[in-house]
Structures are given as structure tokens and as C-alpha cells.
Amino acid sequence: MEPQSLFRNRTFIFLFIGSFLALIGFSMFFMTTTWFVISDLHSASSLGIILIAITVPRILMMTFGGVLADKFKKTTIMFSTSSIQGFLLVIIFLLHNVNQLTFLYLIILGSIFGTLDAFSGPAGTSLIPKIVQKNQIKQANAIIQGLGQIGFVIGPIISGSVMEFGGVTTGYLVSSIIVLLSAFFMFPPFLKEGPVVNTIKQTPFKDLIEGLSYVKASRFLMTGILILITLNFFAFGAISIAIAILVETYGGTPINLSYIDAALGLGC
């Protein structure tokens, strides 16, 4: 019997759309925040701290997110994280709308947003074997992971276009709508996940210790995390800050910044 096409698999399509929208929303939040800090707060150092607050917790918590994904329903984790992230973006939108969005608020809300993102990725990856046939797992993973690159190209373009005509406030509003829409497609009854295999009960603190111990025992994982953190500090972060400063200094607009960010996403 010929296997069903992935794009006729309703559950996979919902995961595909939800994951794609979540990535677009994350990249829009990232770019909108970058432009806001440079154009409104006029502080490169503040931008560096905020970008670190968004990205580093995400990297550090990835292993913990993987541990939780083994012990709880993946659909519940993905739906919950996207819903909370959407709610955080609504708060940021409301704060900016009344001119109360400060450096401290961005640090706190950005770090929570980035930390939550560390849970949805591992959950989505570990959900795939439960919703597709065994011989389709590699293809499904390739499609979902390929969305990351596409999302980080489309997201900045949407963000730049929205801010060009509606400003930063509208940029945050649209990103919050997209992330909340991703939560809708990840609603557990839509994805119909099977029962959790790992039912060992222990506290989240023990889960965190278990995840950290696993990373510590693996030289490969430890090296990978250190490389990613170093790249975020000295390469990706510096490039993001430098580009935003150059665009703003030479009288550029959000759409100009979006073109450069999209080109970086393409690897140009």
C-alpha cells in the first residue's frame, strides 16, 4: 500500500502551519525590537543586552525543553508556549502604544519570550514520529526544519513592511496576532497526539537538573552550546547591532533593515 502524502496528513499540515507562523512571529518580534531600540532608545549597548536576553536563555534551556517534551504531551507544550508568547507580545504592544515600553520591560519580557521558545522546538521535533509514518520521518523533519530558514527570511520582510507604514506599535500588534494564530493551529485537539510514553513523575527542578547533567556529561553538547553562545555574543549579535546602527545612521527606514535581514537569512 502506497504511503499517504505528508500534505494529505491533516495533523502534519496543522503542525507545519503552526510551526511556520511561530517562526515568522519570532523573527518579527526580533526585528521590531531591534528597530525600536535603535530608533527610539538610541542605545547600541541596550540593544546588545536585549538581544542577549532573548537568545541566550533560549539556547541554555533547549535541553530542559527536550526533557519536558519526553514527559508531557508535545501538543500541550507547543500550544501553551505559543499562547503565552502571543500574550507577552500583546503586553509589549500595549506598553508601546501608551509610550511605556522601557529597556527594563524589554529585558524581562524578551527573556521570558526567548526561554519559552526553547520548549516549543524540541516538542515539535519529537512530535513528528508520532504523527507520520516511519519512512516519512526524515522528509517531515526536513520540511519543518527548512521552515526555519524561510521564516527568518519572510518574517523580517513582513515586519519591515508593517513598520514602514504603521510604525513599531503596529509591528508588535501584527507579530502578536501571528504568534496567537500559530497557537490556534497547535491546539491539541487539532493535532490528536497519542498518549505519553514516559510517565515518570518528578518535579520541574529535577527535570532541569537532569537536563543540565546530561549536557555536562556530553562533550559534544557542551561544546555546541558554548559555540552558539560565543557566536551570539561576538558574531550574530554584533552583526545585528552594526547593521541596525548603519541603517538608522544613514537615514534608512524599517523596510531597508528588513531587506538586509532577509538577505542574511538567505545566506547572502
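Residues: numbered from 1 along the sequence shown. These numbers come from the heavy atoms of this one structure, side chains and all, not from hydrogens, waters or symmetry mates. What you are looking at is a predicted structure, and each value in this text was computed from that prediction instead of being measured.
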Is there a donor-acceptor pair under 3.5 Å between the side chain of Thr32 and the backbone N or O of Phe29? no

Applying side chain to side chain donor-acceptor pair (under 3.5 Å) to Thr169 and not counting sequence neighbours gives His96

Would you say the side-chain atoms of Glu164 pair up with the backbone N or O of Ile255, donor to acceptor, closer than 3.5 Å? yes

Can you name the closest pair of heavy atoms from Gly160 and Met31 and give their distance? CA-CE, 3.8 Å

N/O donor-acceptor pair under 3.5 Å between Ser19 side chain and Phe16 backbone: no

I'd like to know if the side chain of Asp40 reaches the main chain of Val37, judged simply by a donor and an acceptor atom lying under 3.5 Å from each other, with no hydrogens or angles considered. no

Between Ser82 and Phe79 (side chain of the first, backbone of the second, donor and acceptor by atom type, cut-off under 3.5 Å), is there such a pair? no

Of the non-hydrogen atoms in Phe12 and Ala140, which two are nearest, and what is the gap between them? CE1-CB, 3.7 Å

Test applied, side-chain contact (heavy atoms from CB on, under 4.5 Å); reference residue, Ile24; option that passes from Ile150, Ile178, Val179: Ile178

Stepwise, does the side chain to side chain contact (heavy atoms under 4.5 Å, CB included) test hold for Gln85 with Leu180? CA-CA 8 Å; Gln85 285 179 320; Leu180 288 173; over 6 Å; no

Does the side chain of Val132 reach to within under 4.5 Å of the side chain of Asn9, using non-hydrogen atoms? yes

Start with the C-alpha gap between Phe113 and Phe26, add the side-chain angles, then the distance that decides, and say whether ring pair (Phe, Tyr, Trp, His ring centres under 6.0 Å) holds. CA-CA 9 Å; Phe113 189 98; Phe26 180 89; 5.8 Å; yes

Starting from the C-alpha separation in whole Å, work towards a yes-or-no answer on side chain to side chain contact (heavy atoms under 4.5 Å, CB included) for Leu21 and Phe185. CA-CA 9 Å; Leu21 291 174; Phe185 282 99; 3.9 Å; yes

Trace of the side chain to side chain contact (heavy atoms under 4.5 Å, CB included) decision for Ile50 with Thr33: CA-CA 9 Å; Ile50 291 169; Thr33 299; 3.8 Å; yes

Do the side chain of Ser80 and the main chain of Ile77 share a donor and acceptor less than 3.5 angstrom apart? no

Check: Gly155 main-chain N/O paired with Ser159 side-chain donor or acceptor under 3.5 Å: no

For Asn141 and Ile137, indicate whether the former's side chain and the latter's backbone hold a donor-acceptor pair under 3.5 Å. yes

